[in-house]
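Reading through the structure tokens given below for one structure.
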Amino acid sequence: PSVLAIDLGGTKIAFAEVAGSCCLARSQIATPRTGRGADLVAAIATEMARRGGRLRSPIGVATTGIVQDGCLTALNPGTLPIEDGFPLVAALEDALDRPVVALNDAQAAAWGERLHGAGRDWPTFAFVTVSTGVGGGLVVGGRLQVGLSGLAGHLGHMVYDPSGAACGCGRQGCIEAVASGTAIARLATERLGRPVRAPEVFGLAAAGNADAERVLDGSAMAIASGLGDLVAAIDAQGIVLGGGVGLAEGFVERVDRALVREPMRFRRPILRASCGADAGLIGAAALACLHQ
Ligand code: BMX
Ligand code: ZN
């Protein structure tokens, strides 16, 4: 038995039929970045019509942003522009005529990793995704933490450097403002004096470019400091790292090296997300299954 899961991100929307940790019949579309939730729903409905599929079975949605009572709000509108409190679940149920459950993408991924991935042996851990933004999900005592307003686990918005760059969320010097793929591209562009994107920064660092090295080390140091904070906050047994940047060549090792700045008591293991980019789909599908 499989359920349909959708991962709604800042750049792409992924679809798959998910059975346990297995994702089949994948498809992907670009995220309409118009700032209108209705355009997201229309794009999803078009793709769903193209895919066909079983009627009325529930759909699990993992989405960037804060989900409260089925309504979506961007914490950092730079990651996904959308009107505050957009009724995502109601609009999708209307458009697709199927039950929909939705939660934050990194919360979903934390749950996916807990059930089927690198968090299987850790009742208390944090999932951290370094991608367009820096997302997070907390599992404490075996339970996924969502929070009353949906904000639990938004680790990218813990402050790393109080005199650092302004973050799209309104705080200053958030981990996301230093460590995300967006921040890496911005900081590298400043240092190199020409526009570069995050994947290129990894290539430059591998070729020995000192500016690119600095920028990636800055990102890794912010993540390592965040891990120390999570040990202090919930006694996290470790972190599971995911996302395009998090899973990029050498990044986990870079965070490991940055961890030596932390006192012993605040150091914990860092594991790669073993569900990879599918963790969000897998976690959202598991939640949708409960509604079957
Ligand atoms: C942002 C925030 C989080 C999200 C994280 C990673 C928005 C729209 N998103 O911190 O909810 O989990 O980015 O998102 O405010 P991703 O799209 O980079 O995976
Ligand atoms: Zn922030």
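Order of appearance sets the numbers: ligands from 1, and atoms from 1 within every ligand. Residue indices begin at 1 and follow the sequence shown.
Remark: the backbone N or O of Leu281 is not paired with any side-chain donor or acceptor of Asp278 at under 3.5 angstrom.
Inter-residue side-chain proximity for Ile29 and Lys12 is flagged as unmet; no heavy-atom pair is nearer than 4.5 Å. With a 4.5 Å cut-off on side-chain heavy atoms, Leu40 and Thr31 count as touching. Using a 4.5 Å heavy-atom threshold, the side chains of Ile282 and Glu113 count as separate. Looking at Leu103 and Leu287, their side chains come closer than 4.5 Å, going by heavy atoms from C-beta outward.
With the Zn ion (ligand 2) as vertex, Cys174 SG and Cys169 SG subtend 100°, rounded to 10°.
With salt bridges taken as basic N to acidic carboxylate O contacts below 4.0 Å, none links Arg265 and Asp235.
Residues lining ligand 1 at a heavy-atom distance below 4.0 Å are given as Gly10, Thr64, Gly65, Ala74, Leu75, Asn76, Thr79, Leu80, Asn104, Asp105, Ser131, Thr132, Gly133, Val134, Gly135, His154, His157, Glu176, ordered by chain and residue number.
The Zn ion (ligand 2) lies closest to atom ND1 when only the N/O/S atoms of His157 are considered.
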query = Under the salt bridge (charged side-chain N to carboxylate O under 4.0 Å, His left out) criterion, do Glu200 and Arg197 qualify, and how do the steps go?
reply = CA-CA 6 Å; Glu200 196 191 338; Arg197 289 152 48 97; over 6 Å; no
